[in-house]
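Remarks on the structure that follows.
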Amino acid sequence: MLAGVFAPAHQGRESPSQPNDVRTERLASAPSVVLGTGGSTKRETSLNTMLAITEEYAALRQTSHCPTGMYVVPSADSLLLWTGVLFVHKGYYASSILQFRIEFPQRYPELPPTVHFTTDVFHPLVLPKYGTLTLAPRFTPWKPEDHHIFDVLYWIKYVFKKKTLDNPTPSSYSSLYRESISSFAGLAAQTSKLSRSQSALFERDQPQTLLGGAHDDGIVFRQLNDTTLNRMRQQLKVQKWEEVKVDDS
């Protein structure tokens, strides 16, 4: 069971659109404010950046603005850092519980955010040392008038689908996928198994990747007995996943 305040996950197959005039107007100059970044360091952040991030987080409540099976929440220390989790239900990575961070630059939305998996992930588009997800196949170039954070969230989900993996990428993992699907599938299944292990979900000091430590803020996993879990499901009116009929294609 997850503890935290989440942007609700809605079903949706394509990234929704948003009027560009609001985004374009926001790119005009604005005063700067001092904003904490999760530690002792403080940086000047444009008020436009803060407004852009706040508006985009609020927009995730709209239908289809947040992919099915995904939850995100801003850090308590800084709007420039979000933590998230993706539950994968189909494909090579089925049953994976993948935790990640989204870091916004000071000049967002002029510059794109970065995505780092804090769960160890074997994937052609994820740098193994740092867990950084490559955005280039989807966002080259990044267009601040057209691209939004919900587009990034959909990309995070889509990279684990077979149709995305079928596209060639300059990676040894990609070569393995093309040359030996069975070997790739075995390593993807290992990612899934490790991602839902007790050490990955419940040990707060688990190092994970070099950019890990996502357990100290945002989304927190807690072990619950069946009685408590069922009571909380009833209170929140949440069904078991196997009872939910969702088009997760």
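Ring centroids of Phe100 and Trp82 are separated by 6.0 Å or more, keeping the two rings apart. Checked against a 6.0 Å centroid threshold, the rings of Tyr130 and His116 do not count as neighbours.
A 4.5 Å side-chain heavy-atom check between Leu81 and Pro74 finds every atom pair outside the cut-off. Contact check for Val85 versus Met70: no side-chain heavy atoms found under the 4.5 Å cut-off. Between Gln99 and Phe221 the shortest side-chain heavy-atom distance falls below 4.5 Å.
Residue Leu86 holds its CG atom at 7.0 Å from CZ of Phe117, rounded to the nearest 0.5 Å. Rounding to the nearest 0.5 Å places CD of Glu55 at 12.0 Å from CE of Met50. If you take OG on Ser195 and CG on Asp120, they are separated by 10.0 Å, rounding to the nearest 0.5 Å.
Residues forming a side chain to side chain donor-acceptor pair (under 3.5 Å) with Ser183 (at least two apart in sequence, or on another chain): Ser180. For Thr228, the side-chain contact (heavy atoms from CB on, under 4.5 Å) partners are Leu224, Asn225, Arg231, Met232, not counting sequence neighbours. With sequence neighbours excluded, the residues forming a side-chain contact (heavy atoms from CB on, under 4.5 Å) with Leu127 are Thr132, listed by chain and number.
Both tests do not hold together for Lys162 against Tyr177: distance to the six-membered ring centre under 6.0 Å, angle to the ring axis within 45°.
Using modelled atom types, one finds a donor on one side chain and an acceptor on the other under 3.5 Å when comparing Glu56 with Tyr108.
Formation of a donor-acceptor pair under 3.5 Å by the Asp151 side chain with backbone atoms of His148 is found in this model. A side-chain donor-acceptor contact under 3.5 Å links Trp155 to the backbone of Thr134.
Relative orientation of the Phe122 and Phe184 rings is tilted, given thresholds of 30° and 60° on the angle between their planes. Between His147 and Trp142, the two ring planes are tilted [angle within 30° to 60°].
Leu165 and Leu187 fall within a single hydrophobic cluster, where Ile, Leu, Val, Met, Phe, Trp and Tyr side chains are chained together by heavy-atom contacts under 4.5 Å.
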